[in-house]
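Below: one structure, written as C-alpha cells.
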Amino acid sequence: MPAFSNAKVAEILRGVGAAYQIKGLGNKFQIIAYENAATSIEHATESVYEFWKEKKLDEIPGVGSHLQTYLDELFQTGKVKHFAEVTKGIPEAALTFLNIPGVGPKTAYKLAVEGQASSIADLKDRISSGKLQKAGFSTKAIDNITRGISQLQGLKKRLLLPDALNIANELISGLKKDPDVIKADPVGSIRRMNATVGDIDLVASTTDIQKTLDTFAKLPQVKEVLNRGDDRSSVILKNSLQIDLLVSPPKSYGSLLQHFTGGKAHNIHFRKLALERGLSVSEEGVKNIKTGKVNPCQTEEEVYKFLNMQTPPPEIREDTGEIEAALKHQLPRLIEQTDILGDLHTHTEYSDGLASVKEMTDAARELGYKYSASTDHSYPNLDYQKRLKEIEKYNYSHKDFRVIKGLEVNITSEGKLQAPDKVLEEHEFNIASIHSSFSQTEGELTDRVLYALKHPLINMIGHPTGRILNEREGYTLDWEKVFNAAQEYDKVLEIDGYPARSDLPDPLIREAVKRKIKLSIDTDAHRPEHLEFMNFAVALARRGWATPDLVINTWPIPKLLDYLKKPRMKS
DNA sequence: GCCGTTTTCGGCCCGACTGTTTTCAGTCG
C-alpha cells in the first residue's frame with residue numbers, strides 16, 4: 001500500500017466526520033472526535049504512516065482504539081469498510097464545498113444535492129444564472145457562499161508574515177491615537193509568528209469600548225464594516241483584507257490575549273485541563289465553576305498561573321508538548337535575537353546581491369554583530385581572488401569585526417559541487433544549496449544533499465527544502481537519511497529567515513533540535529535592509545523550539561572558526 | 001469516539017454571530 005500523507009489521512013477523517021453530521025449519525029461528540037483526530041494527525045511532526053509501521057498509533061492524541069483499527073485497515077488495504085458505508089451516497093462535490101469558508105457539512109450537502117452543484121466552478125455558474133435561488137437558497141445564504149468562494153480563491157496566497165505584521169502595526173498605531181486605547185496587539189498566527197498568515201486578528205484594551213470600536217471603523221484603511229458586536233468588529237480594508245478586532249477593559253486584557261493567541265489545539269487542551277481542576281477559562285477570565293466567580297486576568301501570566309504552569313512563549317502555543325513542559329516548569333530557554341552574534345548567509349554584487357562587500361558588512365556591524373559571513377553564489381564567472389582580497393582588506397581595517405570568507409556553492413543536478421575543491425579550500429565557510437532540477441525523484445535529491453553533507457569542505461546545507469512560500473512546494477527529501485548524515489558528519493542545517501523561504505519549516509527544525517543537530521539562523525540577505533529579517537529567522541527557530549546551544553552563530557568567533565575547520569582536518 | 005490528579009462511565013472548550021430560528025441550528029476562531 002502506498003504511504004498516506006498526514007494531510008490525506010486528516011482529510012479522510014474530516015470527510016467521515018462531515019458524513020456523520022450530514023446523515024445525523026452518532027452523536028456530536030463522535031463528530032468532534034473525528035475532527036480532533038484529524039487535527040492531531042495534521043499537526044503531528046512525524047508521519048502517521050511511520051507511527052503505524054512502528055505500531056505506536058496509540059501515541060497520537062485523539063486516536064483511540066476504534067480509530068486505530070480503522071487506520072490499520074486503511075494502511076493495509078487502502079480503504080476502510082466503515083468509512084465507505086458512512087460516506088456512501090454523499091457526492092464527492094459536497095466534500096469539496098467544505099473548503100469554502102462559512103460552508104459546513106449541512107450546507108455543503110445541500111449545495112451538492114438540492115443545488116445540484118458538481119464543483120466550485122459549477123457552483124459559481126449556478127449562482128450567477130439564478131439556478132441556486134430557484135433551488136431554494138435564500139439571497140443572504142447565496143451572498144454568504146459567494147463571499148466564501150472569493151475568500152477561498154483569494155486565500156490560496158496567504159500573506160507572508162512581514163507583510164501581515166506591517167498591516168497590523170499600521171492599524172494598531174491608528175488605534176492608539178485614541179486616548180482611551182491602552183494597549184493593542186496582533187493575536188492569532190501573527191503573534192505566533194507563523195511564516196504565513198491567513199487572517200489578521202487584533203485585540204485592544206480600552207477604557208471606552210464603544211468609542212474604540214468607532215475609532216476602528218473610521219480608520220483610513222477601512223473600506224467597509226462587516227459586522228459589529230458588543231465588544232468586537234470585523235472590517236474589510238481597501239486592500240480587501242478582513243480584519244477582526246476584539247476589545248476588552250484593561251482588567252481582562254490578559255484573558256483576551258490568551259484566548260486569541262494560542263492555536264486551536266493549544267486552547268482546547270488548556271481549557272480541558274482547567275476544567276479538570278474545576279475552572280472554566282474564557283476570554284472574560286477564569287471562572288471557578290463551583291462558586292461561579294469569574295477572575296479576570298490583566299496579564300497572560302495570571303491566566304496560566306491558575307493552572308500553576310509557566311507561560312509558553314506565543315510562538316510555540318500549538319499543543320505540540322508545550323503545555324506538558326509548562327506544567328512541569330520545564331519549558332526550554334528558546335533562542336532570542338540578542339543571542340545572535342552574526343549573520344552567516346549574505347550576498348553581495350559579486351553574485352546576485354545589490355550592495356558591495358563593504359556596504360553589507362557595515363550594515364551588519366551597525367546591527368551590533370561581531371561577525372558576518374559573505375557567502376556569494378558560486379557563479380562560474382565569479383572573480384574569487386578579487387572578492388577574497390576585498391574581504392581581507394575589510395578585516396584588516398576593522399579589528400572589531402570579522403568577515404568570514406564564505407561561499408554558497410550549488411549542488412549540481414548530477415549531485416556534484418559547482419566549485420572545485422581548490423576554491424572551497426580558500427573559503428572558511430561553505431554552504432551547499434540546491435538551486436536547480438527540483439523535479440528529480442526523492443532519491444536523487446536526497447543523494448545530492450547527502451553528497452554535500454559528506455564532503456569535508458562543506459559546512460552547511462542552505463535552505464534545505466527549497467520551498468518558496470506561495471510559489472513552490474519544497475522538494476521532498478528522505479529526512480531520516482539527511483538528519484542521520486548531518487549528525488554523523490556534524491554538519492549544520494540552515495534556518496533561512498528570508499521571509500518567502502522560511503526554510504527549514506518549523507516541524508523539521510523541531511526534529512533537528514531533538515537530534516541535537518547544529519543550526520545556523522540567518523537571513524540570506526541580498527541587500528543591507530534584508531539583514532533586518534533576523535527577527536523572523538529567530539521566530540522561525542523559536543517555533544521549532546531551538547535553543548541557543550545548537551545555534552552556531554551564537555558562538556564567539558574563535559569557537560565558530562574552530563568548528564568550521566574541523567571537518568577538513570579529518571580528511 | 002476519546003479519555004482519566006475524585007471517573008473504565010459520563011462527561012466532552014468557549015463564546016459569538018448569522019439567519020428567519022420565535023428558542024435554535026450552523027458555522028467560526
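Chain letters run A, B, ... following the sequence lines, proteins first, then strands; residues in each count from 1. Please read these numbers as outputs of a predicted model, since none were measured by experiment.
- Aromatic ring pairs are classed by plane angle as parallel below 30°, tilted from 30° to 60° and perpendicular above 60°; the pair A:Phe533 and A:Phe536 is tilted.
- In B:dT7 the O4'-C1'-N dihedral to the base is within 90° of 0, which defines a syn nucleotide.
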Would you be so kind as to tabulate the donor-acceptor pairs closer than 3.5 Å made by side chains of residues 11-21 of chain A, with sequence neighbours excluded?
from, atom 1, to, atom 2, distance (Å)
A:Arg14, NH1, A:Glu42, OE2, 3.3
A:Arg14, NH2, A:Thr39, OG1, 3.3
A:Arg14, NH2, A:Glu42, OE1, 3.2
A:Tyr20, OH, A:His82, NE2, 2.9

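- Look at the P atom in both B:dG1 and B:dT5: the space between them is 23 Å, to the nearest Å.
- By the side-chain hydrogen bond (donor to acceptor under 3.5 Å, both in side chains) test, A:Glu35 is found to be paired with no residue, residues two or more places apart in sequence or in another chain being considered.
- Regarding A:Lys264, its NZ atom lies at a distance of 8 Å from the C1' atom of B:dC28, rounded to whole Å.
- A:Thr261 is linked by a side-chain hydrogen bond (donor to acceptor under 3.5 Å, both in side chains) to A:Arg191, counting only residues two or more places apart in sequence or in another chain.
- A:Asp201 comes within 4.0 angstrom of the backbone, heavy atoms only, and of no base.
- Between A:Phe260 atom CZ and B:dC13 atom C1' there is a gap of 13 Å when expressed in whole angstrom units.
- Taking the C1' atoms as reference points, B:dT20 lies 12 Å from B:dA25, given to the whole Å.
- The nucleotide B:dT8 finds no pairing partner, because no Watson-Crick or G-U wobble arrangement with both distances shorter than 3.5 Å includes it.
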Let me have a per-nucleotide readout for nucleotides 1-12 of chain B, 5' to 3', with B, S or -, counting only protein heavy atoms under 4.0 Å.
BSS-S------B
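- B:dG19 and B:dC13 are spaced 25 Å apart, taking the C1' atom of each and rounding to whole Å.
- For the side-chain hydrogen bond (donor to acceptor under 3.5 Å, both in side chains) test, residues two or more places apart in sequence or in another chain that qualify with A:Arg317 are A:Glu300.
- Rounding to whole angstrom units, CD1 of residue A:Ile243 and C1' of B:dG29 are separated by 15 Å.
- Residues in residues 56-74 of chain A take part in these salt bridge (charged side-chain N to carboxylate O under 4.0 Å, His left out) pairs, two or more places apart or across chains: A:Glu54-A:Lys56.
- Atom CG of A:Asn267 is separated from atom C1' of B:dG29 by 9 Å (rounded to the nearest Å).
- Atom C1' of B:dT23 sits at a distance of 15 Å from the matching atom of B:dT18, rounded to the whole Å.
- For A:Tyr109, there are no ring-ring contact (aromatic ring centres under 6.0 Å, His included) partners, not counting sequence neighbours.
- With salt bridges taken as basic N to acidic carboxylate O contacts below 4.0 Å, none links A:Lys328 and A:Glu324.
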Please set out all donor-acceptor pairs under 3.5 angstrom arising from side-chain atoms of residues 89-99 of chain A, sequence neighbours excluded.
from, atom 1, to, atom 2, distance (Å)
A:Thr96, OG1, A:Glu92, O, 3.4
A:Asn99, ND2, A:Thr96, O, 3.2

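- Place A:Arg271 and A:Ala108 on DNA chain B by their nearest nucleotides, and A:Arg271 ends up nearer the 5' end.
- The C1' atoms of B:dC12 and B:dT7 are separated by 13 Å, rounded to the nearest whole Å.
- Atoms CD (A:Gln258) and P (B:dG29) sit 18 Å apart, rounded to a whole Å.
- Remark: the separation of the C1' atoms in B:dG11 and B:dT6 is 14 Å, to the nearest Å.
- Atom CG in A:Leu257 sits roughly 19 Å away from atom P in B:dG29 (whole-Å rounding).
- Taking the C1' atoms as reference points, B:dG15 lies 24 Å from B:dG10, given to the whole Å.
- Of the residues in residues 298-325 of chain A, not one places a heavy atom less than 4.0 Å from an atom of DNA chain B.
- Residue contacts for A:Leu256: at a heavy-atom cut-off of 4.0 Å it reaches no nucleic acid atom on any strand shown.
- Contacts of A:Asn239 classified as side chain to side chain contact (heavy atoms under 4.5 Å, CB included), with partners at least two apart in sequence or in another chain: A:Ile167, A:Leu237, A:Leu241.
- Residues forming a side-chain hydrogen bond (donor to acceptor under 3.5 Å, both in side chains) with A:Thr146 (at least two apart in sequence, or on another chain): none.
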Could you run through nucleotides 15-25 of chain B and give me one letter per nucleotide, 5' to 3': B if any protein heavy atom sits under 4.0 Å from the base, S if only the sugar-phosphate is that close, - if neither?
SSSSSS-----
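- What separates CD of A:Gln21 from C1' of B:dT27 is a distance of 9 Å, to the nearest Å.
- Counting only N and O atoms by type, the side chains of A:Asp244 and A:Gln242 include a donor and acceptor under 3.5 Å apart.
- Separating the CG atom of A:Leu202 from the C1' atom of B:dG29 is a distance of 14 Å, rounded to the nearest angstrom.
- Inter-residue side-chain proximity for A:Phe75 and A:Phe51 is flagged as unmet; no heavy-atom pair is nearer than 4.5 Å.
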